[in-house]
J.: 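The structure's right below; bear with me while I get my questions together.
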Amino acid sequence: MNYRDLIPASATDDDLVWILDDQLKLVWANAAWQDFARANRGEDIAHPENQKLNLLDHLSGSQRERWKSISTMLLDGRLKRHEEEFICPAPAQRRQYHLSVYPIPNASGRSTWLVHHSRLLPDNRTPPGRLAWQAPGMEGSEVNARSYQRQVMDRQFSLQYVQVACDVQPLQDIGGDVLWHHEYANGQVDFLIADVMGHGETAARIANRILLLLDTLTRLQTPPAQLIASLNRAMLDPPSARVTYATGILLRLTPQSEQIEIISFGHAAPIFSRGGVLQLEHGPPVGLSDAFVAWSPQVLSLRDLGDRCLLYSDGVTEQFDPAGEMYGRERLARSFARSLDLPLGQALAHLNSDLQTHRGDALVKDDRLLCLLQCNI
């Protein structure tokens, strides 16, 4: 197989092009991609023809789960094409790329390769063809910024048996991290964080849309899996509204109960005070496809997990230091364990301080969200 035959006609020598097989093994990459890998601490994956490495093994927890979902849906036909923007992880440089991923079938019609094509974008440029959804009253960036500030960054919590301490730091003035909760008449609480792919105003518009949809969908109490499935359908209706997707975690807590229901839609698992980092079954992100997918809740005991929980976006775990080393989930879990004797607000400050110490003067490349829950069981 001559993989060069699969290179898109629109690709230039400066574009990054890499190809995975149907086992998600890296089988070919152009010279620009290999240079990019070497410059970003990826020397071990700069020669794919010799090693055929599984790229998922080189991704962090949240990235691994979402790319596993995306790649699987592309290969089995539930998703025809995937596009998103990403920022180069080099700690001292900001470069933004637009990535397109699509499957190539063999003679039998079965998808065999996934072609990834990234082109460099000038900073703050929105690629052609991207749509920005607007809710009534959210026309214009100023209104949208105020809405995001009020609904996410300044969100207030007044819950009977759950204490909350949160910090949202968008990469720009506004961003795509979502923080939402709803308390039902029977005392049950749904608590959700989500991470919209992208940055800035476009991501904030989608974040605001998710909040609006969740507020609408929870007027009637439904099982957690049905709530996430309904959110997915709503994000794809009408089809022109689809501009991006989101990963996230939904927790449902019940008063006077040790049980907690947890659903992950392609997001990194929570960390608990006694149970550590959870091993969760992950459903796909929402907003990717209207094909049938299932989100299955896991019912667990807070007696086993512990009464304090940490939720976070990948802007935290994927923060690099000046040498290009990622903060990572393991380091976050250790910092969380050291904070358990502190009051919730002080524990949050401890986590932020540890992250800042790691970052040093390296650039911040993504929105960041940290959220601590203390459940009184």
Side-chain angles (χ1 to χ4, degrees), residues 40-42 44 56-68 89-91 162-169 171 177 179 191-195 247-249 251 253 260 262 264 266-282 298 300-377:
N40 291 284
R41 298 172 62 94
D44 56 336
L56 295 183
D57 295 338
H58 292 262
L59 298 177
S60 66
S62 55
Q63 293 279 21
R64 185 184 306 116
E65 294 305 330
R66 74 180 183 88
W67 276 112
K68 181 179 179 181
V162 183
Q163 295 175 269
V164 183
C166 291
D167 181 44
V168 180
Q169 299 184 30
L171 179 64
D177 281 349
L179 184 62
F191 202 95
L192 178 143
I193 69 162
D195 183 359
T247 66
I249 292 282
L251 307 180
L253 301 154
I260 180 173
I262 304 178
S264 169
H267 198 82
I271 304 174
F272 278 85
S273 51
R274 189 174 299 126
V277 179
L278 290 189
Q279 300 300 316
L280 291 181
E281 297 177 6
H282 296 269
Q298 290 182 247
L300 302 169
S301 170
L302 289 173
R303 283 292 171 202
D304 299 328
L305 299 176
D307 59 1
R308 186 173 289 192
C309 170
L310 172 61
L311 301 167
Y312 51 94
S313 65
D314 59 13
V316 174
T317 51
E318 293 168 16
Q319 174 62 58
F320 288 85
D321 69 6
E325 182 178 349
M326 190 182 294
Y327 186 66
R329 188 167 58 177
E330 291 74 18
R331 187 180 276 108
L332 177 63
R334 291 195 298 269
S335 182
F336 173 61
R338 292 193 299 268
S339 75
L340 293 178
D341 292 334
L342 298 173
L344 220 56
Q346 293 180 28
L348 183 63
H350 165 84
L351 293 172
N352 270 319
S353 176
D354 191 60
L355 178 63
Q356 179 59 41
T357 298
H358 174 83
R359 183 178 79 85
D361 59 359
L363 290 179
V364 175
K365 298 295 186 71
D366 201 356
D367 305 324
R368 300 188 305 189
L369 180 151
L370 282 169
C371 184
L372 286 168
L373 304 180
Q374 181 78 41
C375 307
N376 301 319
I377 56 175

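What you see below is based on every heavy atom in this structure, not just the backbone, and it leaves out hydrogens, waters and symmetry mates. Since the model is a prediction, treat every value here as computed from it, not as a measurement.
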J.: Any donor and acceptor pair, going by atom type alone, linking the side chain of S353 with main-chain N or O of A349 inside 3.5 Å?
T.: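 Flag not set: sc S353 to bb A349 has no pair under 3.5 Å.
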
J.: I would like to know whether L311 and L179 meet side-chain contact (heavy atoms from CB on, under 4.5 Å); could you show each step before the answer?
T.: CA-CA 10 Å; L311 301 167; L179 184 62; over 6 Å; no

J.: Kindly indicate whether the side chain of F272, heavy atoms from C-beta on, has any atom under 4.5 Å from the side chain of L302.
T.: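 Side chain of F272 against side chain of L302, heavy atoms only: contact under 4.5 Å found.
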
J.: Can you tell me if S264 uses its side chain to pair, donor with acceptor, with the backbone of A269 under 3.5 Å?
T.: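 Between the backbone of A269 and the side chain of S264 there is no qualifying donor-acceptor contact (under 3.5 Å).
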
J.: Is atom CD of Q298 surrounded by more than 12 heavy atoms (other residues, nucleotides or ligands) closer than 6.0 Å?
T.: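 Yes, because the 6.0 Å sphere around CD of Q298 holds more than 12 heavy atoms from other groups.
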
J.: Working to the nearest 0.5 Å, report the span between CG of L348 and CG of L310.
T.: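 Reported value, rounded in 0.5 Å steps: 9.0 Å.
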
J.: Take L332 and L370, measure what side-chain contact (heavy atoms from CB on, under 4.5 Å) needs, and give me the verdict at the end.
T.: CA-CA 11 Å; L332 177 63; L370 282 169; 4.3 Å; yes

J.: Say whether, by atom type as modelled, one donor and one acceptor occur between the side chain of H282 and the main chain of E65 under 3.5 angstrom.
T.: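 Checking the backbone N and O of E65 against the side chain of H282, no donor-acceptor pair under 3.5 Å is found.
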
J.: I'd like to know if the side chain of H267 and the backbone of D314 have a donor-acceptor N/O pair within less than 3.5 Å.
T.: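 No.
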
J.: Output the distance between atom CG (D341) and atom CD (Q346), rounded to the nearest 0.5 Å.
T.: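 Atom-to-atom, D341:CG and Q346:CD are 11.0 Å apart.
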
J.: Can you check whether D195's main-chain N or O pairs, donor with acceptor, with D177's side chain at less than 3.5 Å?
T.: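 No.
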
J.: Between R359 (side chain) and Y327 (backbone), is there a donor-acceptor pair under 3.5 Å?
T.: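 Judged by distance alone, no pair lies under 3.5 Å.
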
J.: Mind checking whether V164 and C371 have side chains closer than 4.5 Å, heavy atoms only?
T.: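 Yes; the side chains approach each other to less than 4.5 Å.
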
J.: As a quick check of understanding, evaluate side-chain contact (heavy atoms from CB on, under 4.5 Å) for D307 and Q374, giving each step before the final call.
T.: CA-CA 6 Å; D307 59 1; Q374 181 78 41; 3.1 Å; yes

J.: Report yes or no: does S339 contribute a side-chain atom to a donor-acceptor pair with the main-chain N or O of F336 at less than 3.5 Å?
T.: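 Checked: pair present.
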
J.: Are the side chain of R64 and the backbone of L56 linked by a donor-acceptor contact shorter than 3.5 Å?
T.: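 Yes, because the side chain of R64 sits within donor-acceptor range (under 3.5 Å) of the backbone of L56.
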
J.: Drop me the distance from I260's CD1 to L373's CG, to the nearest 0.5 angstrom.
T.: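 The distance works out to 7.5 Å.
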
J.: Could you tell me whether the side chain of N352 reaches within less than 4.5 Å of the side chain of Q169, counting heavy atoms only?
T.: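 SC-SC contact between Q169 and N352 confirmed.
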
J.: Do P270 and L280 have side chains that get closer than 4.5 Å, going by heavy atoms?
T.: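 Touching, per the 4.5 Å side-chain cut-off.
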
J.: At their closest point, which heavy atom of L251 faces which heavy atom of C309, and how far apart are they?
T.: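 Minimum heavy-atom separation between L251 and C309: CD1-SG, 4.2 Å.
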
J.: With rounding to the nearest 0.5 angstrom, report the CG to CD1 distance, L192 to I249.
T.: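 Separation between the atoms: 8.5 Å.
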
J.: L372 and L351: side-chain contact (heavy atoms from CB on, under 4.5 Å), yes or no, with the steps?
T.: CA-CA 10 Å; L372 286 168; L351 293 172; 4.2 Å; yes

J.: Any donor-acceptor pair under 3.5 Å linking the side chain of R274 with the backbone of R303?
T.: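 The answer is yes, because a donor-acceptor pair under 3.5 Å joins these two groups.
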
J.: Identify which one of R331, Q319, H358 satisfies the side chain to side chain donor-acceptor pair (under 3.5 Å) criterion when paired with E325.
T.: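 That would be R331.
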
J.: Nearest 0.5 Å, please: how far is CD1 in I262 from CG in L253?
T.: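 Spacing of CG (L253) from CD1 (I262) equals 8.5 Å.
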
J.: State, with a plain yes or no, whether a side-chain heavy atom of L171 is found less than 4.5 Å away from one of D366.
T.: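 No, their side chains stay 4.5 Å or more apart.
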
